[in-house]
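This report concerns only the one structure given below.
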2 protein chains.
Amino acid sequence: MDRCNATELLRLKNVKVTRSRIAILDEIIASDNPVNAIDLHNGLSGQLTVNLATVYRMLKLFVDVGILREAFADNGTQYFEMACVHNPAHAHFQCSKCKRIICLSPLTFEDTILFSEASKIGEINEINIKLKGICQKCRSTA
Amino acid sequence: MDRCNATELLRLKNVKVTRSRIAILDEIIASDNPVNAIDLHNGLSGQLTVNLATVYRMLKLFVDVGILREAFADNGTQYFEMACVHNPAHAHFQCSKCKRIICLSPLTFEDTILFSEASKIGEINEINIKLKGICQKCRSTA
DNA sequence: ATATAATTGCGAATAGTTTGCAAGTAATTC
DNA sequence: GAATTACTTGCAAACTATTCGCAATTATAT
Ligand SMILES: [Mn+2]
Ligand SMILES: [Mn+2]
Ligand SMILES: [Zn+2]
Ligand SMILES: [Zn+2]
């Protein structure tokens, strides 16, 4: 699975390349699941520390310049993921029991039939699909 | 457009029928768009007043017993709508400029193709689709 | 190396939501 | 219809996620 390079990506998007931004963006790039601000803040490895307020500022900035997309919200917490070529838009499944999130396969052309009505209403530039239910593991452990 | 009756619905779901619950549920039933706690609290007409904390408790209760579903979240605010036979599951469109929400047509059988992969992962019992973009009105006023 | 403009840490402020507890009210029983 | 009981409500305080102002710091351009 190919991934972006944090420094290159920041430069490409014309935002200043700082130690803190690289550290946070590295975490996001490395994660296979959507992430939230607090996890990113706690997840910093080693000596470097980044203030939580700064993490929030980064997340907003990264969404603004198109590095990230907001994947979904869970109980008032926002989760983000890479919006790069390596991570095409897709739906998310959340188990209501164990709360685990699973990223589904990228949306196909057929899926977009679903959005034909919406495209009459306006120009779509963000798609957000969240499915909730009980995962296999939780069902078998019932 | 047919609508539920608040009192009947509460009785049907085996929750106590109170003046406050009827008032809040009436508001939700009457609304053509998803609603949030604060709007419901402010939207009370006339003499009756219901504490905001109570509104939140009701929303949770109504979701638990299946009267409501959570439609989507916008900037940390949760929006709810009726989960009754008169209001089948559907996607929502939000204009990122004017913030207006539009309820789209109910999901069709074909739409559920989209969820075939997810149904292998687990049993789906909640579907949440939010599309963001620019509405016609906002585009023409640009 | 200096200058400039952007970024960061810190603390305090917001906004939405939840909670404990005492008082109030709906449904049940007589 | 009044007494009983369990549930609901108001209130104030707590909590969570997120935002903001401002002074100090740092990345880039000169
Ligand atoms: Mn994902
Ligand atoms: Mn709707
Ligand atoms: Zn599970
Ligand atoms: Zn609009």
Side-chain angles (χ1 to χ4, degrees), chain A residues 6-28 34-44 47-65 67-80 99 101, chain B residues 6-28 34-44 46-65 67-80 94 99 101:
Chain A
T7 307
E8 276 175 26
L9 188 50
L10 291 170
R11 241 195 287 273
L12 183 71
K13 298 296 186 174
N14 285 308
V15 298
K16 273 191 183 164
V17 180
T18 70
R19 231 173 282 290
S20 309
R21 282 178 182 173
I22 293 173
I24 294 295
L25 187 49
D26 270 341
E27 277 195 83
I28 305 172
V35 293
N36 65 44
I38 294 174
D39 290 346
L40 288 171
H41 180 246
N42 296 334
L44 285 168
Q47 58 312 84
L48 185 61
T49 172
V50 177
N51 190 275
L52 182 57
T54 304
V55 175
Y56 280 108
R57 278 188 282 233
M58 284 183 196
L59 289 174
K60 184 172 292 187
L61 172 72
F62 292 169
V63 168
D64 283 349
V65 300
I67 292 179
L68 297 184
R69 75 173 75 99
E70 207 198 315
F72 58 86
D74 180 36
N75 269 309
T77 304
Q78 303 182 241
Y79 285 76
F80 303 85
K99 305 300 174 196
I101 298 287
Chain B
T7 307
E8 278 175 26
L9 189 49
L10 290 170
R11 242 195 287 273
L12 183 71
K13 299 294 186 175
N14 285 307
V15 298
K16 273 194 182 161
V17 179
T18 70
R19 231 172 281 292
S20 309
R21 282 178 182 172
I22 293 174
I24 294 295
L25 187 48
D26 270 341
E27 278 194 83
I28 305 173
V35 293
N36 66 44
I38 294 175
D39 290 346
L40 288 171
H41 179 247
N42 296 334
L44 286 167
Q47 58 312 83
L48 184 61
T49 171
V50 178
N51 189 274
L52 181 57
T54 304
V55 176
Y56 280 108
R57 279 187 281 234
M58 284 183 196
L59 289 174
K60 184 173 291 188
L61 172 72
F62 292 170
V63 169
D64 282 349
V65 302
I67 291 178
L68 297 185
R69 74 171 77 98
E70 207 198 314
F72 58 86
D74 181 35
N75 270 310
T77 305
Q78 303 181 239
Y79 284 78
F80 303 84
Q94 178 171 38
K99 305 300 174 196
I101 297 288

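Lettering follows sequence order; numbering is per chain, from 1.
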When rounded to whole Å, the NE2 to C1' distance for the pair His41(A) and dA17(D) reads 14 Å
Between CZ of Phe80(B) and P of dG16(C) the distance, given in whole Å, is 13 Å
Taken to the nearest whole Å, OH/Tyr56(B) to P/dA12(D) is 17 Å
Of Ile38(B) and Thr18(B), the one whose nearest nucleotide on DNA chain C sits closer to the 5' end is Ile38(B)
Here the distance between atom P of dT26(D) and atom CG of Asn51(A), to the nearest Å, is 14 Å
Residues Lys16(A) and Arg21(A): closest non-hydrogen pair is O-NH1, 2.9 Å
What residues 9-17 of chain B contributes to the DNA chain C interface at heavy-atom separation below 4.0 Å is Lys16(B), Val17(B)
(Q) Quick one: does any side-chain atom of Arg11(B) pair with a main-chain N or O of Val17(B) as donor and acceptor, under 3.5 Å? (A) no
Rounded to whole Å, the CD1-P distance (Ile22(A) to dA27(D)) equals 9 Å
note: Ile24(B), atom CD1; dT8(D), atom C1'; distance rounded to Å ~ 14 Å
For the side chain of His41(A) and the backbone of Asn51(A), is there at least one donor-acceptor N/O pair under 3.5 Å apart? no
Quiz prompt | Intermediate values then yes/no, side chain to side chain contact (heavy atoms under 4.5 Å, CB included), Asp74(A) and Asn36(A) | solution = CA-CA 10 Å; Asp74(A) 180 36; Asn36(A) 65 44; over 6 Å; no
In whole angstroms, the gap separating P of dT8(C) from CG of Leu61(A) amounts to 9 Å
Arg57(B) has its side chain closest, among dT19(D), dC21(C), dC10(C), to dC21(C)
Leu59(B) CG to dT18(C) P, in whole Å, measures 9 Å
Among dT9(D), dC20(D), dT18(C), the one nearest any side-chain atom of Arg21(B) is dT9(D)
Q) Is there a side chain to side chain contact (heavy atoms under 4.5 Å, CB included) between Leu40(A) and Leu52(A) once you walk through the steps? A) CA-CA 9 Å; Leu40(A) 288 171; Leu52(A) 182 57; over 6 Å; no
Whichever of Thr54(B) and Ala37(A) has the more 5' nearest nucleotide on DNA chain D, that residue is Thr54(B)
*Kindly indicate, with the supporting measurements, whether the criterion side chain to side chain contact (heavy atoms under 4.5 Å, CB included) is fulfilled by Phe72(B) and Ile101(B).*
CA-CA 10 Å; Phe72(B) 58 86; Ile101(B) 297 288; 3.3 Å; yes
- prompt: Think Gln78(B) has a side-chain N or O under 4.0 angstrom from the OP1 or OP2 of dT17(C)?
  reply: yes
* For side chain to side chain contact (heavy atoms under 4.5 Å, CB included), just list the numbers for Gln78(A) and Leu59(A), CA-CA rounded to whole Å, side-chain angles, deciding distance to a tenth of an Å, and then say yes or no. => CA-CA 10 Å; Gln78(A) 303 182 241; Leu59(A) 289 174; over 6 Å; no
### Query
Considering only heavy atoms and no angle criterion, is a donor-acceptor pair shorter than 3.5 Å present between the side chain of Arg19(B) and the base of dG24(C)?
no
